[in-house]
Amino acid sequence: MKNNIYDNYCEITFDSKSENEGFARVVAASFCTGLDPTLEEISDIKTAVSEAVTNAIVHGYNNGPGEISMKCMILDGIFTVIVHDDGVGIDNIHRAMEPLFTTKPEMERSGMGFSFMEAFMDELKVESAKNKGTTITMKKRIGAQV
Amino acid sequence: MKNNIYDNYCEITFDSKSENEGFARVVAASFCTGLDPTLEEISDIKTAVSEAVTNAIVHGYNNGPGEISMKCMILDGIFTVIVHDDGVGIDNIHRAMEPLFTTKPEMERSGMGFSFMEAFMDELKVESAKNKGTTITMKKRIGAQV
Amino acid sequence: MEREGEVFTSEEMERQRMDYIYMVSKGCLIISLNAELDHHLAEEMRHVIDGIIDKRGVYRIIIDFSKIDFMDSAGIGLIMGRYKKIRDYGDISIVGANESIQRILLISGLHKIVHIYENLNQAMNHQKGGHNEK
Amino acid sequence: MEREGEVFTSEEMERQRMDYIYMVSKGCLIISLNAELDHHLAEEMRHVIDGIIDKRGVYRIIIDFSKIDFMDSAGIGLIMGRYKKIRDYGDISIVGANESIQRILLISGLHKIVHIYENLNQAMNHQKGGHNEK
Ligand SMILES: Nc1ncnc2c1ncn2[C@@H]1O[C@H](COP(=O)(O)OP(=O)(O)O)[C@@H](O)[C@H]1O
Ligand SMILES: Nc1ncnc2c1ncn2[C@@H]1O[C@H](COP(=O)(O)OP(=O)(O)O)[C@@H](O)[C@H]1O
């Protein structure tokens with residue numbers, strides 16, 4: 001995809017492996033540095049990205065092989081990140097987003113992933129359907145306090 | 001592209017903008033952390049990636065708009081990075097690779113980019129032709145001293 | 001015989017030294033984190049920790065966050081899991097959490113069930129106090 | 001009137017404070033780098049530096065690398081460019097370069113045309129020495 005719209009754009013695909021969770025956080029955080037984010041804003045973005053990518057690995061691909069894509073863009077001070085997996089998808093999105101709801105308590109998932117994404121970003125959109133993969137879109141204004 | 005071959009794989013595309021030079025370095029360095037690289041190895045990789053990506057921006061796209069792709073892969077302790085641009089391409093690869101040769105002295109290019117890529121990586125391959133873009137492939141064994 | 005403050009140096013531990021170090025002393029397990037506490041690290045840690053709890057009769061766990069600045073909901077899961085395991089006879093303390101980790105503890109409600117101290121010394125002193133009172 | 005060790009605080013400089021700071025004192029320009037010296041930063045710096053050299057009669061440039069750990073061939077180009085500009089009447093010193101930056105200086109041959117000191121103090125003392133000898 002050619003970028004004619006955004007101030008800056010990047011697209012990354014990587015293996016669905018837990019060791020890439022930290023990698024995805026670094027990519028997103030480092031992509032934002034041009035916006036001169038505060039430490040708190042970086043931390044918020046890292047948390048939200050970590051939750052979305054971990055969910056793709058743990059739930060989407062059930063800890064098996066797969067490919068995750070992440071798009072980052074910046075437009076007028078707003079950072080957007082889209083995390084996508086082609087995994088099992090979410091049956092009931094409304095229920096999935098309830099605080100503390102998890103389908104993997106045996107893996108010590110706390111069910112707080114979506115709550116954190118909502119708490120730390122300005123906008124959260126979840127698109128998914130059974131066996132259709134999952135796309136998480138999150139936005140956050142950077143440097144809003146100025 | 002699905003990865004069935006490599007121990008870890010990622011592919012990233014980003015805008016041809018000088019602010020993304022640092023971003024590309026962080027992506028490559030951070031992708032390697034799983035191999036437990038030494039500080040020197042990280043520094044080598046950052047330098048080589050910086051040279052290749054800067055060349056894509058400065059020479060490939062002449063500081064204008066464009067898209068750069070970078071693929072990183074790990075197999076058996078060997079890190080491979082492929083930097084590609086769809087820019088003007090290189091007419092005479094042999095001459096371009098000569099130390100101190102540069103077509104942009106007025107931009108204070110030192111002509112040392114390819115020398116650094118060769119010095120800091122184990123392998124360097126340059127594929128290019130006029131108006132056909134440029135693909136730089138570099139390999140480095142990580143943790144070789146063990 | 002158990003030496004006080006014994007540091008594990010089995011091969012497994014050596015390998016993981018980069019990500020976390022632990023130490024067992026008188027029923028107290030001190031875990032010092034060196035890498036961001038996410039799902040990847042949590043998965044690596046939980047079986048190790050549970051093994052130690054069972055084998056060494058641990059009833060106090062202190063997790064030292066002072067060297068790291070990131071934890072996500074997988075860290076909450078890890079702490080909750082250990083809490084459930086030892087809550088009947090022991091407790092969990094968290095030390096050295098920076099602002100953003102404190103925020104995570106707060107939003108998750110974890111601050112209500114674990115003790116939070118500024119640093120390791122405070123946590124250790126407080127535990128001694130607790131012992132004496134009994 | 002020029003105060004000694006004056007630090008520029010024009011708007012332009014404030015904006016760039018994150019990446020580098022500079023200071024001019026008695027014909028000596030000290031540049032302290034805060035961000036990795038690549039093509040992006042070099043492009044930003046070279047016009048600013050050349051403006052200062054011309055306006056303030058700078059004949060000595062000291063670049064302080066102690067806060068950064070990365071430079072690539074664009075940094076070489078930046079230093080070479082300034083060297084060509086002032087070599088007839090001045091010189092360039094580099095201080096605080098870590099091992100990997102020193103390696104870059106060596107491979108590029110730059111170590112033969114610039115002075116290399118461990119820290120700012122050494123470079124300043126040496127320059128004073130130079131002055132006295134004349
Ligand atoms: N990418 C995904 N693919 C499939 N299911 C998902 C995905 N993300 C979330 N879910 C579902 O939504 C539930 C809630 O997610 P979340 O709030 O992050 O909690 P947790 O990950 O701790 O279970 C998950 O347990 C899972 O069933
Ligand atoms: N991606 C590219 N696209 C087009 N030309 C390139 C590319 N990379 C290198 N070149 C050519 O090769 C020459 C030598 O490159 P290099 O050794 O990196 O030195 P420098 O970038 O300092 O000029 C460049 O001056 C340019 O003409």
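Each chain gets a letter, A, B and so on, in the order its sequence line appears, and its residues count up from 1. Keep in mind it's a predicted model, so treat the numbers as computed, not measured.
Heavy-atom contacts from other residues, nucleotides or ligands closer than 6.0 Å to NZ of B/Lys104 number more than 12. Heavy-atom neighbours of B/Glu98 CD from other residues, nucleotides or ligands within 6.0 Å: above the threshold of 12. The neighbour count for D/His47 NE2, taken as heavy atoms of other residues, nucleotides or ligands under 6.0 Å away, is above 12.
Between B/Ser43 and D/Phe70 the shortest heavy-atom distance is O-CE1, 4.5 Å. Scanning both residues, B/Phe116 and D/Ile107, for their nearest heavy atoms gives CE1-CG2, 3.9 Å. The shortest non-hydrogen separation linking B/Glu21 to D/His40 is OE1-N, 3.0 Å.
Each of D/Glu99, D/Lys84, D/Arg82 has some count of heavy-atom pairs under 4.5 Å with chain B, and the biggest count is that of D/Arg82. Counting heavy-atom pairs under 4.5 Å between each of D/Leu41, D/Ile104, D/Ile101 and chain B puts D/Ile104 at the top. For chain B, the option among D/Asp69, D/Asp38, D/Ile76 with the highest count of heavy-atom pairs below 4.5 Å is D/Asp38. In terms of heavy-atom pairs under 4.5 angstrom with chain D, the leader among B/Leu39, B/Asp44, B/Ile57 is B/Asp44.
Considering OG of B/Ser18 and CD of D/Glu43, their distance stands at 7.5 Å, rounded to 0.5 Å. If you take CZ on D/Arg46 and CE on B/Met107, they are separated by 6.0 Å, rounding to the nearest 0.5 Å. Interatomic distance, OG of B/Ser50 versus CD of D/Glu36, reported as 8.0 Å (0.5 Å rounding).
A 4.5 Å side-chain heavy-atom check between B/Glu40 and D/Arg103 finds at least one atom pair inside the cut-off.
Under the 3.5 Å distance criterion, the side-chain polar atoms of B/Glu108 are left unmatched by any main-chain donor or acceptor of D/Gly81.
Judged by distance alone, the side chains of B/Glu51 and D/Ser73 do bring a donor and an acceptor atom under 3.5 Å apart. Side chains of B/Thr54 and D/His39: no donor on one and acceptor on the other come within 3.5 Å.
Heavy atoms closer than 4.5 Å to chain D are found nowhere in B/Asn55, neither backbone nor side chain.
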